[in-house]
Amino acid sequence: MENETQKKVMLSGIQPSGELHLGNYLGPLQHWPAMIEAYDCYFFLADLHTITVRQDPAVLRRRTLNLLASYIACGLDPEKCVLFVQSHVPAHSQLAWVLDCYTMFGELSRMTQFKDKSARNADNINAGLFTYPALMAADILLYQADFVPVGEDQKQHVEICRDVASRFNNIYGEIFKLPEPYIAKVGARIMSLSAPESKMSKSMPEGCVFLLEKPEDILRKFKRAVTDSDNERCVRYAPREKPGVSNLIQIYAAATGNTYEDVEREFDGKGYGVFKPAVGEAVVEILRPIREETERLLADKAYLESVYRAGAERAAAVANKTLRKVYKKVGFLAP
Ligand code: ATP
Ligand code: LTN
């Protein structure tokens, strides 16, 4: 389980199945750049995962490149961490098959994401959607990751990864390191602006703010954000009674690095008419440099190509080592 630098390993991925949104950014992504110095970091584009739901091939290709550009624009320096595309490293699919055989039907049936996505795609409940956590476990275990920074909704998948890894280790010895989810205190579950009882998600575009959206569209979405119908009309964090306002407080806090109390104090005595545009402005300001840098990088395809090629090579070197150990342990004849 050794790595060259002896730093702890951090790994995460996002599916290029849509445009990046504010939930993806404020939840996991904005915290990643700060981790690069302290950890050995691997950040990938989880394209294999996206085809559990039908994708348009040309759109998927474009989104994969867009996401890579956004990773770099958000501060992931490819010289200091490994950025790669999941399908470029065959060990992910190879280990996933092995782990499929150590993952139980019953545990997969309990996954909330499977239940949600199969309800939303009733005409395409495919085997990949069901066994998805085994592929995600392979993504993590190949790199012997210590920490997996994700949003709250992915915690269950990191837990099943630990269960599968422990089951495997109990049979074959200490092959895999058991990863911990790493979930931010503020921003781990950003809710939809139009329906604050649901998480912000690209599948509900009305209440979702996309990273590359124009400032005027972002401001409009915040001005229209659903607030609560209680009579109090003050900026107070109370997620049960005031889900809309509390979500806006969470967004403002995550965007400015303040606590919920700071935000309450700043807007004490001011109404929603002042608060909502202020949240919009704060979001526009943090997204502006990211949008501009993403656009600049997308104009340089040769550079992006050089990044993902080098990333795949570095990732494969580590991943293949783990895969070889696993193949040996389960009894496959060496090629
Ligand atoms: P979907 O629309 O299919 O549910 P998604 O918008 O959740 O997708 P993913 O690619 O599944 O996007 O998520 C990428 C990362 O962003 C994951 O770590 C996930 O936990 C995190 N994330 C997604 N939505 C939110 C949210 N609303 N708040 C905080 N983190 C989020
Ligand atoms: N399941 C995650 C994406 C993902 C991931 C991973 C995250 C795939 N493999 C490994 C962390 C580690 C999602 O849908 N957001």
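Every number for a ligand or one of its atoms is a count from 1 in the order of the listing. Just so it is clear, the model here is predicted, and its values are computed rather than measured.
- Of the possible donor and acceptor atoms, one in the side chain of Asn169 sits under 3.5 Å from a partner among the backbone N and O of Phe176.
- Using modelled atom types and a 3.5 Å distance limit, the side chains of Asp100 and Thr103 yield no donor-acceptor pair.
- Using a 4.0 Å cut-off between charged side-chain N and carboxylate O, Lys301 and Glu305 make no salt bridge.
- Numbered from 1 in the order shown, with element, the atoms of ligand 1 that lie under 4.0 Å from a heavy atom of Lys117 read 3 (O).
- In this structure, Asp268 does not pair ionically with Arg265, as no charged nitrogen and carboxylate oxygen lie closer than 4.0 Å.
- Annotation for ligand 1: atoms under 4.0 Å from non-hydrogen atoms of Ile14 are 10 (O), 14 (C).
- Residue-environment remark: CD1 (Ile286) exceeds the threshold of 12 foreign heavy atoms within 6.0 Å.
- Counting protein heavy atoms only, atom 27 (N) of ligand 1 is closest to Ile190 O, 2.7 Å.
- Leu193 pairs with exactly one of Val226, Val279, Ile251 by the side-chain contact (heavy atoms from CB on, under 4.5 Å) rule, that one being Ile251.
- An N or O contact shorter than 3.5 Å links Gly23 to ligand 1 by distance.
- Taking every heavy atom of Pro28 and a limit of under 4.0 angstrom, the matching atoms of ligand 1 come to 15 (C), 16 (O), 18 (O), 21 (C), 30 (N).
- Under 4.0 Å from ligand 1, not a single heavy atom of Pro149 appears.
- Set against the non-hydrogen atoms of Gln154, the atoms of ligand 2 under 4.0 Å away are 1 (N), 2 (C), 13 (C), 14 (O), 15 (N).
- Ligand-side atoms of ligand 1 in range of Ser203: 2 (O), range being under 4.0 angstrom from any heavy atom.
- Of the options Tyr42, Phe43, Tyr132, Phe44, the smallest heavy-atom separation from atom 2 (C) of ligand 2 is shown by Tyr132.
- For the pair Glu206 and Lys221, the salt-bridge criterion is not met [side-chain N within less than 4.0 Å of a carboxylate O].
- Not one N or O of His157 is nearer than 3.5 Å to an N or O of ligand 2, by distance alone.
- Classification of Arg291 and Glu213 as a salt-bridged pair fails, no side-chain N sitting under 4.0 Å from a carboxylate O.
- When hydrogens are left out, the protein atom nearest atom 18 (O) of ligand 1 is Gly151 N, 3.2 Å; that is the closest non-hydrogen contact.
- Looking only at protein heavy atoms, the nearest one to atom 19 (C) of ligand 1 is Asp153 OD1, 3.3 Å.
- A salt bridge does not link Glu159 with Arg162: none of the charged nitrogens is closer than 4.0 Å to a carboxylate oxygen.
- Which parts of ligand 1 touch Gln15 is read off a 4.0 Å heavy-atom cut-off, strictly below it: atoms 10 (O).
- The nearest heavy-atom contact from the protein to atom 16 (O) of ligand 1 is Asn24 ND2, 3.0 Å.
- Checking side-chain atoms of Asn247 against main-chain N and O of Pro196 turns up no donor-acceptor pair under 3.5 Å.
- At a heavy-atom distance under 4.0 Å, no atom of Leu135 approaches ligand 2.
- Residue Met200 has at least one nitrogen or oxygen atom sitting less than 3.5 Å from a nitrogen or oxygen atom of ligand 1, judged on distance alone.
- Other residues, nucleotides and ligands contribute over 12 non-hydrogen atoms within 6.0 Å of the CD atom of Glu285.
- Of all protein heavy atoms, the one lying nearest to atom 9 (N) of ligand 2 is Asp139 OD2, 2.6 Å.
- Ring-plane geometry between Tyr237 and Tyr260 is classed as parallel, the angle between the planes falling under 30 degrees on a 0 to 90 degree scale with a further cut at 60.
- Checked against a 3.5 angstrom limit, the closest N/O atoms of Lys202 and ligand 1 fall inside it.
- Within the structure, the closest approach of Ser17 to ligand 1 does not fall below 4.0 Å when heavy atoms are considered.
- Contact annotation: for Val150 versus ligand 2, heavy atoms closer than 4.0 Å belong to the side chain alone.
- Taking the six-membered ring where the residue is Trp, Trp32 and Tyr71 present perpendicular rings, their angle passing 60° and hence far from 30°.
- Residue contacts with ligand 1: Ser201 is placed with a nitrogen or oxygen under 3.5 Å of a nitrogen or oxygen of the ligand (distance criterion only).
- The backbone N or O of His21 sits less than 3.5 Å from a side-chain atom of Asn24, completing a donor-acceptor pair.
- For His49, every heavy-atom contact with ligand 2 shorter than 4.0 Å involves the side chain, none the backbone.
- Annotation: Tyr143 is in aromatic contact with His92 [ring centroid separation under 6.0 Å].
- Within ligand 2, the atoms closer than 4.0 Å to a non-hydrogen atom of Gly13 are 3 (C), 4 (C), 5 (C), 7 (C), 11 (C), numbered from 1 in the order shown.
- When each atom of ligand 1 is checked for a heavy atom of Val150 under 4.0 Å away, the hits are 18 (O).
- For an aromatic pair to be called close, the ring centres must be under 6.0 Å apart, and His88 with Phe44 fails this.
- Between His21 and ligand 1, at least one N/O pair is under 3.5 Å apart.
- Remark: Arg189 does not engage Asp153 in a salt bridge, criterion side-chain N to carboxylate O under 4.0 Å.
- Shown in contact with Val148 at under 4.0 Å from a heavy atom are these atoms of ligand 2, numbered in order with element: 11 (C), 12 (C).
- Here the protein heavy atom with the shortest distance to atom 24 (N) of ligand 1 is Lys199 NZ, 3.3 Å.
- Counting only heavy atoms of the protein, atom 29 (C) of ligand 1 lies nearest to Ala188 O, 3.1 Å.
- Those atoms of ligand 1 that come under 4.0 Å of a heavy atom in Gly187, given as number and element, are 29 (C).
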